[in-house]
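Scroll down for the structure; my scribbles are underneath it.
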Protein chains: 2
Amino acid sequence: MRSTETSPLTRKLSVFVALSYVELAVLDRLHTRRRIFPAGRDMVHQGQSSRAAFILSAGWVCSYKLQPDGTRQIVDFQIPGDFLGLRSVLLRTSDHSFEPVMDIEASEVLDKDLLDAFAQTPRLATAILWAASRDEAMVVEHLVGIGRRDADARMAHFLLELEARLALVGLADSNGYECPLTQYHLADALGLSAVHVNRVLRHLREDGLLTFRDGHVTIHDHDALVKLAGFDASYLDQTGPLLT
Amino acid sequence: MRSTETSPLTRKLSVFVALSYVELAVLDRLHTRRRIFPAGRDMVHQGQSSRAAFILSAGWVCSYKLQPDGTRQIVDFQIPGDFLGLRSVLLRTSDHSFEPVMDIEASEVLDKDLLDAFAQTPRLATAILWAASRDEAMVVEHLVGIGRRDADARMAHFLLELEARLALVGLADSNGYECPLTQYHLADALGLSAVHVNRVLRHLREDGLLTFRDGHVTIHDHDALVKLAGFDASYLDQTGPLLT
DNA sequence: CGTTTGGTTGATGTATGTCAATATTAGTGG
DNA sequence: CCACTAATATTGACATACATCAACCAAACG
């Protein structure tokens, strides 16, 4: 089965680099060792030293840091096709935790296999490093959002970014996308209280911008959202720089 | 002159990897092409494609992103010994701007020279990538701070982090350190208004925790600051993981 | 000297948090 | 199939941390 369907990761990377058969095969071989992780139970725990990374094939995960006072800040969400814990492999330690938002399916990648794959196909290595840099750019944008955007703009920006990311792996259409996050997830990611998240969502809905209900985000007025959020997608699609 | 004094970068990396003579020499050779940049004028501009990175040898720089509405968010500060624009070299594009906080001295590093150095001395490459990962961890911690800490704790955390970073390159003693930032810089970095930064500093001073005056930070009660900020330095000194 | 830049302080406004109550829904065991 | 519980969502009343506006001061600077 594996070789006939394209994995989300393959799909994502293919947008930026035309991968050869050999590279596709190497990528495919990283997808042995599929595992299921149940919702809500940490996969990797803050401070734990770990030598494995994962490629997420189905479901969503969030990576977060816990504060001494018990509050948590979600740093990023991982969606199908995303790497998880790439830095843990390089640094041999993880400075935040990973928790599946729902039951998920992920392929465990041992550091040795990853390094072997990199050695075999430098272009693949480049593509994956590109993806990692893109993740970092998202964290920076996230920082800017929390620091300098009000709650409405922050929410709009966040949901637009998700749309763009999901579209890349075929999980969004022109109307919207499935989103399994609770309002508590949104609150922890955006630095808001859950109550205020609810109010912001109502506000956006009443203004005819978007609807988030029953796990589905429906975009009503894309242009107005982009304007409200000050959304500039250029940090997401740095097209072509690494194609050489 | 170059070979008799140790650069801040050398000093920083030496804490984590015992560098050989050859490696020290390679590192030293990256410090040709010294240049002076005047305070306040952007070195690299958002969106500009650039193939050069810099090693900061004297002075402070801030990297920031501008919002469409004119506000700015400072993502990080660079201090002597820090790399500047390492990602620009890898991605061939810069998604934020760099502005010297004061007149600075930096060594320009061409991407070719950097890649050559990496090829010659893998251990050096590892050490520099470690430093880059550490920078990323700082951005994450910064995100957590803005999202989940109140203004006092945020300020305390920020100034403690700076102390730890400066100590590593010999720019802090047990009392405190020189800090050329204005309250406007602090405001843009911490997501606060300049007025409130002033009030927070007064508050910390009146509580006998620290004094920030005339470009000098004096720490009065380190323990109390650590407690207030929920400061856990483990994200800064991931000692040893890469020594192999 | 006037001008600019950075700092300081008070009065007031507002975005967002906190608390509390009530739906709504999904799951769970009987 | 039904009660029971636990999540999640929703809404209002109230509290507060922080922003904004405005004025003033001190030092640096041309």
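Letters A, B, ... mirror the listed sequences (proteins, then strands); counts begin at 1. Keep in mind that what you see is a predicted model, and the values were worked out from it rather than measured. All values below were derived from every heavy atom in this structure, side-chain atoms included, with hydrogens, water molecules and symmetry-related copies excluded.
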- request: Between protein and nucleotides 15-25 of chain D, map the contacts as a letter string: B base, S sugar-phosphate only, - none, heavy atoms under 4.0 Å, written 5' to 3'.
  value: ---BBBB----
message: Contact list please: residues 205-219 of chain B against DNA chain D, heavy atoms, distance less than 4.0 Å, in numerical order.
response: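 Here the set is empty: none.
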query: Of all residues at least two apart in sequence or in a different chain, which pass the side chain to side chain contact (heavy atoms under 4.5 Å, CB included) check with B/H142?
result: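 By the side chain to side chain contact (heavy atoms under 4.5 Å, CB included) rule, B/H142 matches A/L143, B/Q73, B/I146.
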[X] [atom1] - [N] [atom2] separation (whole Å):
X: A/H203; N: C/dT16; atom1: NE2; atom2: C1'; answer: 14 Å
X: A/D188; N: C/dG17; atom1: CG; atom2: P; answer: 11 Å
X: A/N198; N: D/dG12; atom1: CG; atom2: P; answer: 11 Å
X: B/M102; N: C/dT5; atom1: CE; atom2: P; answer: 19 Å
X: B/H185; N: C/dT5; atom1: NE2; atom2: C1'; answer: 12 Å

- prompt: Can you find a side chain N or O atom of B/Q183 that sits less than 4.0 Å from OP1 or OP2 on C/dT8?
  reply: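 Checking B/Q183 against C/dT8: at least one side-chain N or O falls below 4.0 Å of OP1 or OP2.
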message: Looking at C/dT9, I'd like to know if its phosphate oxygens (OP1 or OP2) sit under 4.0 Å from a side-chain N or O belonging to B/R202.
response: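 Affirmative; the distance criterion is met.
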Check whether any side-chain heavy atom of [X] lies under 4.5 Å from a side-chain heavy atom of [Y], and answer yes or no.
X: A/I104; Y: A/F37; result: yes
X: A/Y235; Y: A/E161; result: yes
X: B/F98; Y: B/F54; result: no

Using 0.5 Å steps for rounding, measure from the [atom1] atom of [X] to the [atom2] atom of [Y].
X: A/L86; Y: B/S133; atom1: CG; atom2: OG; result: 9.5 Å
X: A/R35; Y: A/E105; atom1: CZ; atom2: CD; result: 12.0 Å
X: B/L236; Y: B/R165; atom1: CG; atom2: CZ; result: 8.0 Å

query: Looking only at heavy atoms, which two atoms of B/S57 and B/R34 are closest? And how far apart?
result: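 The pair with the smallest heavy-atom distance is OG-NH1, 3.6 Å.
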message: Testing the basics here: between A/P8 and A/V169, what is the closest heavy-atom pair and its distance to 0.1 Å?
response: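 The answer is O-CG1, 3.6 Å.
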Axial bend angle, the helix from C/dC1-D/dG30 to C/dG30-D/dC1: five-pair end segments, nearest 10°: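 About 40° separates the two local helix axes.
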Atom pairs and distances, side-chain donor-acceptor, residues 186-212 of chain A, under 3.5 Å, sequence neighbours left out:
from: A/D188; atom 1: OD1; to: B/R148; atom 2: NH2; distance (Å): 3.3
from: A/D188; atom 1: OD2; to: A/R72; atom 2: NE; distance (Å): 2.7
from: A/S193; atom 1: OG; to: A/H196; atom 2: N; distance (Å): 3.2
from: A/N198; atom 1: ND2; to: A/Q183; atom 2: OE1; distance (Å): 3.2
from: A/H203; atom 1: ND1; to: A/D152; atom 2: OD2; distance (Å): 2.7
from: A/T211; atom 1: OG1; to: A/H220; atom 2: NE2; distance (Å): 2.5

- prompt: If you look only at pairs with a residue in residues 63-87 of chain A, which of them pass as a ring pair (Phe, Tyr, Trp, His ring centres under 6.0 Å), with sequence neighbours excluded?
  reply: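 Those involving residues 63-87 of chain A are A/F77-A/F158.
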